[in-house]
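Structure record follows, encoded as structure tokens.
Keep in mind that the numbers below use all heavy atoms, side chains included, and drop hydrogens, waters and symmetry copies.
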Amino acid sequence: MSSEEIIRIAAKGDGVTASGRFAWGAAPGDLLLEDGTIQPGPHHVTPPCRHFGRCGGCQLQQLDEETLAQFVEARVSNASSAHELGAQVITPPHLSPPGSRRRASLRAESSQGRVVIGYREAASHRLVELAECPVLRPELVAILGPLRKLLITLGQGQSPGRAKKGKHAHARMAADIELTLVDQGVDLGIKGLIAEGLALTEAMLDFAKEQGLARLTLDSGYGPDTVWEPEPVTITLSGVAVPFPSGSFLQATEDGEAALVAAAREWLAGCATVADLFSGLGTFAFALAGPETKVLAAEAARDAHLACKAAAGISGRPVHALHRDLFRNPLLAEELGRFSAVLLDPPRAGAREQVERIAESTVQKVVYISCNPASWAKDAAMLIDAGYRLVELRPVGQFRWSTHVELASLFVR
């Protein structure tokens, strides 16, 4: 039987042979046999999770550490080379370790009184019930068992109208679950359920107390309502305790955040004024602000903007929080010209309109943090065409065993 060697891993996680055959779950050095089966090679390891292959959360658990690092670096370097960005330095990637992810978005569904909490199967609406998750912080995994019992109770209070009608109709429960590890413990958000009556409210309060939750919110369709929050929930960013609005964006791992922040601090040291665009809660603003540096933190999400503003006031850090939609109303070239440097950390789609204004400006340094190498490369090409050079690229693999890759980049005019 003829076979072909897997020579690389494609962007979506499939192994690829020299002839262009694809094989899911393969590693470089594996042999792809004629019947489509895989003969493991030297870089193929046993996946650490029993759900791998069904759960859509991970695609690369079959790779050893060396090959996983190579994949993360290749995703970034290939995006750079495809647009001929001419990166002068690409550093070895930072990989977050197992059990380090501090936030997760899960789905919960019930049928016939049984509750399943987990991720979707790959390319399917079916849920994989999480019995374990080697990616998440243990504190988040530990809450899933007790949460199932709470959701069974809450599910009994839902209308049976969504279930098949008849004398044996059962109420069906479906909810989105947000878990975040904050300074005070686990912040739990439940969206899509209605909890009417004293009994269900008491059940949620008892659960929150027993599990020592930092906060429990319930969103029945009109935004999150706080059920339990014994003290104001915060997240510490570079030594500053920032109020944490329910559902706010947070870097996936503490070590990944530290790697991105370290790059920004190193590259922008000595800059007197920095514009932090798409600043969120102030992850980079509070890291950069200090005796020698003043920071403008521009953010469109009102909750995040107000949290950053409040933390800046309390901490005394020289951060000016600006509420501004940078997609509809980007900072103009003449506004940007007042700053020594610009840092931007936009959503996955990139920031074309804002980058166009940066390209027109006189700003000397630009630090671009991205969670999508493809959109980053398109934006970066505009900066290169405007006379910037790509001095350094740092790949960051916060989403371990996933094809999702982040990066930090430095452009100098």
_Looking at C371, is its backbone amide N or carbonyl O close enough to the side chain of R348 to form a donor-acceptor pair, meaning the two atoms are under 3.5 Å apart?_
yes
*Can a salt bridge be assigned to the pair E34 and R21 using a cut-off of 4.0 Å between side-chain N and carboxylate O?*
no
*Side-chain donor/acceptor of Q61 to backbone N/O of C49, under 3.5 Å*: yes
*State the OG-CZ distance between S409 and F411, to the nearest 0.5 angstrom.*
4.0 Å
*asked:* Determine whether L268 and T293 satisfy the following criterion, side-chain contact (heavy atoms from CB on, under 4.5 Å), listing intermediate values before the conclusion.
replied: CA-CA 9 Å; L268 299 182; T293 304; over 6 Å; no
*Is the closest side-chain donor-acceptor distance between S370 and N372 under 3.5 Å?*
no
*To the nearest 0.5 Å, what is the distance between CG (L140) and CZ (R103)?*
11.5 Å
_Whether R215 side chain and L188 backbone form a donor-acceptor pair below 3.5 Å_ = no
*Compare every heavy atom of T403 with every heavy atom of Q59, then report the nearest pair and how far apart it is.*
OE1-N, 3.0 Å
*If you look only at pairs with a residue in residues 22-65, which of them pass as a ring pair (Phe, Tyr, Trp, His ring centres under 6.0 Å), with sequence neighbours excluded?*
W24-F52
*When rounded to the nearest 0.5 angstrom, what is the spacing between CG in D325 and CD in Q354?*
10.5 Å
_Measuring only between side-chain heavy atoms, which start at C-beta, is E254 closer than 4.5 Å to R137?_
yes
_Enumerate the side-chain hydrogen bond (donor to acceptor under 3.5 Å, both in side chains) contacts for residues 225-237, please, sequence neighbours excluded, ordered by first and then second residue._
D183-T234, D183-T236, Q184-T234
_Where L151 and A108 come nearest, the two heavy atoms and their spacing_ = CD1-CB, 3.6 Å
*How far does CG of L130 sit from CG of L136, to the nearest 0.5 angstrom?*
7.5 Å
_All pairs passing side-chain hydrogen bond (donor to acceptor under 3.5 Å, both in side chains) where residues 71-80 contributes a residue, at least two apart_ = none
*Given Q88, which of V412, L393, V391 fulfils the side chain to side chain contact (heavy atoms under 4.5 Å, CB included) condition?*
V391
_Close side-chain approach of D345 and Y368, heavy atoms under 4.5 Å_ = no
For residues 278-287, which side-chain N or O atoms pair as donor and acceptor with protein atoms under 3.5 Å away, sequence neighbours left out?
{"residue": "S279", "atom": "OG", "partner": "A298", "partner atom": "N", "Å": "3.4"}
{"residue": "S279", "atom": "OG", "partner": "A298", "partner atom": "O", "Å": "3.2"}

*If we ignore angles and hydrogens, is there a donor and acceptor under 3.5 Å between the side chains of S19 and E4?*
yes
_Steps toward side-chain contact (heavy atoms from CB on, under 4.5 Å) verdict (W267, K365)_ = CA-CA 9 Å; W267 293 335; K365 283 187 176 183; 5.7 Å; no
_I'd like to check P28 versus I7 (side-chain heavy atoms, cut-off strictly below 4.5 Å). Are they in contact?_
no
*Heavy-atom side-chain proximity of E121 to C55 below 4.5 angstrom*: no
Side chains of residues 173-180: which donor-acceptor pairs under 3.5 Å do they make with residues two or more places apart or in other chains?
{"residue": "D176", "atom": "OD1", "partner": "R107", "partner atom": "NH1", "Å": "2.9"}
{"residue": "E178", "atom": "OE1", "partner": "S105", "partner atom": "OG", "Å": "3.0"}
{"residue": "E178", "atom": "OE2", "partner": "S105", "partner atom": "OG", "Å": "2.8"}

*Nearest heavy atoms of G41 and D30, plus distance in Å*: N-OD1, 2.6 Å
_Within-4.5 Å side-chain heavy-atom neighbours: I384 and L390_ = yes
_Partner of E129 by side chain to side chain contact (heavy atoms under 4.5 Å, CB included), out of L144, V116, V115, I117_ = V116
*Given side chains that start at C-beta, do those of E406 and I369 come closer than 4.5 Å, heavy atoms only?*
no
*Please confirm whether the backbone N or O of K378 pairs with a side-chain atom of R352, one donor and one acceptor, at under 3.5 Å?*
no
*asked:* The test is side-chain contact (heavy atoms from CB on, under 4.5 Å); show your working for L260 and R394 and say whether it passes.
replied: CA-CA 8 Å; L260 295 171; R394 296 189 184 182; over 6 Å; no
*Could you tell me whether a side-chain N or O of E210 sits under 3.5 Å from a main-chain N or O of F207, the two making a donor and an acceptor?*
no
*asked:* Between E392 and T91, is the side-chain contact (heavy atoms from CB on, under 4.5 Å) condition met? List the steps.
replied: CA-CA 8 Å; E392 188 171 342; T91 66; 3.2 Å; yes
_Rounded at 0.5 Å granularity, tell me how far CG in L306 sits from NE2 in H323._
7.5 Å
*Test salt bridge (charged side-chain N to carboxylate O under 4.0 Å, His left out) on E65 and R400 and set out the steps.*
CA-CA 10 Å; E65 198 75 3; R400 188 178 182 84; 2.5 Å; yes
*I38 side, atom CD1; Q62 side, atom CD - distance, nearest 0.5 Å*: 8.0 Å
*Which heavy atom in P245 sits nearest to a heavy atom in S248, and how many Å separate them?*
O-OG, 2.8 Å
_Can you confirm whether T253 sits close enough to R102 that some side-chain heavy atom of one is under 4.5 Å from a side-chain heavy atom of the other?_
no
*Do we see a donor-acceptor contact under 3.5 Å between the side chains of Q251 and Q398?*
yes
_Tell me every residue that passes ring pair (Phe, Tyr, Trp, His ring centres under 6.0 Å) with H404, counting only those two or more places apart in sequence or in another chain._
F399
*Do V45 and T67 have side chains that get closer than 4.5 Å, going by heavy atoms?*
no
*Least distance between heavy atoms, A79 atom then A377 atom*: O-CB, 3.5 Å
*Does the D379 side chain pair with the main chain of G350, one donor and one acceptor, at a distance under 3.5 Å?*
no
*Backbone of H125 reached by a side-chain donor or acceptor of R120 within 3.5 Å*: yes
*Of all heavy-atom pairs between V141 and C133, which one has the smallest distance, and what is that distance?*
CG2-O, 3.8 Å
